[in-house]
Each structure stands twice: as structure tokens, then as C-alpha cells.
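What you see is a predicted model; the values in this text were computed from it and never measured. One-based numbering along the sequence shown.
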Amino acid sequence: MNLTQLDWINLLKPNYKVLPVKERLFSGFGALCGLAISSLISWYVLGGMNAWYIAPMGASSVLLFAVPNSPLAQPWNVVVGNTLAGFIGVACTQLLPDLTTAFSVAVGLAIFMMMTTDSLHPPSGAVAITAVLGGEAVHKLGFHFILYPVLLNSLLLLVFAVFFNRLIGRNYPTMPHLNERSKDPTPTQKVSIQPKDIEYALEQHTELLDISQYDLEKIILEAQEHANERLNHSFVCQDIMSRDVIKLYENDDIHQALDKFKSVNLMSLPVVNDQDQLVGTLALYEVVEWFKGATDPRNSWQHYVKQIMSRRVVKVDPLQPIQDLVPYFVEKSFNYIPVVEELRLIGIISRADMIAALHQQIKQQSSVL
């Protein structure tokens, strides 16, 4: 088989997802701001010290802002990995007079210790080398190099990374997908792939994968759901939604809202504006909490639904497959989900609607078999 020059180049490239331009800009801007802010604070704290900032933080910023879901970018890895590497680097500098021997041993030992403590962080290898080759300014610091600039730089950059990633909607640090109500697997995991299945598969491979078990599980479940959609005919949201929607208006008085809750015996209702555009949702418990604090002067300005409603609403498109709604009803115990078209509320899908539709699908599949 003859390979062209382009084929050879493609063989060298990683099988890696190229993110949209927006995400790439976010990553670069986050690193820019994180390094600038943390370095300025370090300079202010450490005054005229020559080693107030170290180059390995540039490599840490790549992980923290470009691939924050990587296990190598988690807070434990950043703080513990850099601290261990700094300690080992300083120790090798003081014990081994030959620089080549010192930084070689420092990096090798740092890798071993980081893998042992589950704190592997690639930029930490550069921290170990910096401790050896950083020059007179670094050598004068001795073991203080671990506290500043290493630990100081790491913590400042990490704090900004947590703030920035959450600000733009990323989940950082990465949290496990656990059942919040018990130690059992979540309802979805019980009938599909469970964490113990992922653990078993990973134990069969000795190489280290740059993806967390939780992200791997999520990707597999999403792929499985997508495959199931191809294999089975599925309803879309407009097929099963209720069009006669009981709703609140954002300018309704809170007392009016309570009266409506009493009349319909529901736990939450969608809220719309005068153009029937969905603007939020109001739960009965939020009304109860308002009545509890009604005598507080700080709450005296709150009279309307729009002042106490939640503006973060999960909504779906009328042509969206109903399988997309299952995680919300199963994992998050939603009572209903609004259906929105061009910002206007056109219907809702209740848990009862979903049960009826899924029951019908099961009957259809049984008849085919």
C-alpha cells in the first residue's frame, strides 16, 4: 500500500476531537487571564524575588483551560503533583552535584511518586527540572521553593481555573456520576452499564488512559442511547405533549400563584411573559419559603412571581426524541419538562406522558417479537 505525504501526516496526528472555535477561544482566553492574574498576585506577594513565577505553570494552564476534564488536570494532580516534584527537585539539587544526573533522577523519581500517589501531572516534570536548573535565584530558596513559587503559583492558577471553567459552563473539577439518594447505582446504570463494568474493563488494560472513568462511562451510555434510537422507532416530544398548559405569568401576584397551586394540586408550574415566552419555573416550595420570610424587611420588595421564580429551565424542542427526556425524569426526578418553539411555550410533557409513551413502545416491540 502506497501512502502519500498527506497520509503519513495523518498517521502522525492524534485521533482527537477538534473543538468549535468558541471553545478554543475560551481555552486560550482562560489561560491568558489565569496566567496574568496569578502571576501579578505572585509578584505582589513575593515582592522583588526573581523566581516569583515559573514556566511550568504555562503547561499546567494548557491542561486546566484546554482539557479540564482530563484526570491529569484535576486539583489533586495540580497541587500534589507540583509539590512532590518541587520537593524531589530541590532534594536532588542538594544531594547530587552533577546537574545532568540531578535533573534526570528528579524527573524519573517525580514520575514514580506521582503515579504512586495518583497525582500524575505532566507539567510537574518541568517543575522538577526548574528546581535543578533554575539558577542561583531558585537554589537560594532551598526547600522554600516548594511553598513559593511552586505551591503559591499552583493554587492561584487552580482557583482561577475553577472560577473560569464554571463561569463558562464547564464542570470542573470533574465529579463522579453517583446516585445522590443511596449507595446503589443510579436507575439508568442499573439497567445498562454500571461503574463496576467500567472498572473491570479498565483493569484489563495496564496502560494509563487520559480520560476519567466517569467520563468514559458517560460517553458509553450516550453512545448506547444513540444506537438504540436508530434501532427503534421513537416518539418525538410533540407527539405526547399536553398542549393545554397550566401556567403562571411573571407579573402574577405571589398570592395568585398560591391560589393556582391549590386549585391544580401541582408541585411546580412554568412561568411565561405576556408573549407566552418561557421565562422560568416556580415550585410550590419556593412560594412556601417566600411566605416564611414575608415578615423580613429584606423581602418586602418581593410581590411578583418573577421575583422568586427560578430562571434556569430545562426545555425541549417539539421534534426532539422523547428518549432525550429519560435522564431528567429518571435521574433528576423531574415532574414535567416544557416544550418550546421559537421561545414560546407550546406544551409540557409530564412523567405520566413519558410512562404511557414508553409503555406503548414496549408493547410495539413485544408484538414484533
Side-chain angles (χ1 to χ4, degrees), residues 163 166-171 175 177-182 184 186-188 235-318 320 322-358:
F163 166 77
R166 293 192 175 185
L167 180 66
I168 63 174
R170 295 174 177 172
N171 292 320
M175 303 301 290
H177 181 51
L178 301 176
N179 191 337
E180 298 178 356
R181 298 181 177 180
S182 75
D184 293 327
T186 66
T188 300
F235 292 110
V236 294
C237 291
Q238 67 180 11
D239 295 332
I240 68 169
M241 71 182 185
S242 300
R243 297 178 184 273
D244 183 18
V245 182
I246 301 172
K247 59 199 173 189
L248 296 170
Y249 288 91
E250 62 178 352
N251 291 318
D252 283 349
D253 184 271
I254 297 175
H255 291 84
Q256 290 178 304
L258 180 60
D259 291 338
K260 183 165 286 189
F261 275 115
K262 290 179 181 178
S263 65
V264 299
N265 192 28
L266 294 174
M267 300 304 294
S268 65
L269 290 170
V271 182
V272 298
N273 59 21
D274 293 335
Q275 289 77 43
D276 265 349
Q277 295 176 331
L278 183 68
V279 294
T281 183
L282 183 66
L284 179 58
Y285 79 86
E286 291 173 314
V287 178
V288 173
E289 290 297 322
W290 176 82
F291 273 99
K292 287 182 179 178
T295 57
D296 190 335
R298 291 174 296 180
N299 298 334
S300 61
W301 59 276
Q302 295 177 337
H303 301 287
Y304 302 105
V305 167
K306 63 184 178 183
Q307 294 171 325
I308 65 171
M309 70 181 185
S310 172
R311 297 183 182 274
R312 298 183 64 182
V313 186
V314 174
K315 52 187 179 293
V316 293
D317 185 84
Q320 197 165 337
I322 64 170
Q323 277 78 4
D324 293 351
L325 281 60
V326 171
Y328 296 104
F329 287 111
V330 175
E331 307 290 344
K332 301 182 182 297
S333 299
F334 278 29
N335 293 312
Y336 71 89
I337 297 179
V339 183
V340 175
E341 185 175 44
E342 296 180 353
L343 302 180
R344 291 183 65 254
L345 178 66
I346 62 170
I348 63 168
I349 297 176
S350 68
R351 187 180 298 171
D353 294 327
M354 281 293 296
I355 293 174
L358 294 175

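Across all non-hydrogen atoms, the minimal contact from I240 to D353 is O-CG, 3.6 Å. Taking all atoms of both residues into account, the shortest heavy-atom contact from E286 to T281 is OE1-O, 3.9 Å. Contact between Q238 and R243 at its shortest, heavy atoms only, is O-NH2, 3.7 Å. Between C237 and I322, the shortest heavy-atom contact is N-CG2, 4.0 Å. Considering all non-hydrogen atoms of both residues, S268 and A283 come closest at CB-CA, 3.8 Å. Shown here for P270 and I246, the closest heavy-atom pair between the two residues is CD-O, 3.6 Å.
Remark: N251 pairs with K306 by the side chain to side chain donor-acceptor pair (under 3.5 Å) rule, at least two apart or across chains.
Ion pairing of E289 with K292 is present here, as a side-chain N (NZ or NE/NH1/NH2) and a carboxylate O approach within less than 4.0 Å.
Using a 4.5 Å heavy-atom threshold, the side chains of L258 and L284 count as touching. The side-chain heavy atoms of S333 and R351, taken from C-beta on, include a pair separated by under 4.5 Å. No side-chain heavy atom of N335 sits less than 4.5 Å from a side-chain heavy atom of L266.
Enclosure of atom NZ in K247 by more than 12 non-hydrogen atoms of other residues, nucleotides or ligands within 6.0 angstrom is indicated. The local environment of CG in D276 is crowded, with over 12 non-hydrogen atoms from other residues, nucleotides or ligands closer than 6.0 Å.
One finds the CD1 atom of I254 at 4.0 Å from the CD1 atom of I308 (value rounded to the nearest 0.5 Å). Remark: Y249 OH to Q256 CD distance equals 12.0 Å, nearest 0.5 Å. The CG atom of L325 lies 12.0 Å from the CE atom of M241; values are rounded to the nearest 0.5 Å. How far CD of Q320 is from CD1 of I349: 8.5 Å, rounded to the nearest 0.5 Å. Taken from CG in D253 to CG in L248, the straight-line distance is 11.5 Å, to the nearest 0.5 Å. Note that NZ of K315 is 16.0 Å distant from CD1 of I348, once rounded to the nearest 0.5 Å.
Taking the six-membered ring where the residue is Trp, Y328 and F334 present tilted rings, their angle falling between 30° and 60°.
When each of F235, Y336, F329 is paired with M354, the side-chain contact (heavy atoms from CB on, under 4.5 Å) condition holds for F329 and for no other.
Using a distance-only test at 3.5 Å, with no hydrogens or angles considered, no donor-acceptor pair links the side chain of E331 to the main chain of P327.
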Practice problem: Go through the steps to decide whether H255 and F291 satisfy the test side chain to side chain contact (heavy atoms under 4.5 Å, CB included), and finish with yes or no. | Solution: CA-CA 9 Å; H255 291 84; F291 273 99; 3.7 Å; yes

Quiz item: After noting the C-alpha distance and the side-chain angles of V339 and V316, does the key distance pass the side chain to side chain contact (heavy atoms under 4.5 Å, CB included) rule?
Solution: CA-CA 5 Å; V339 183; V316 293; 3.9 Å; yes

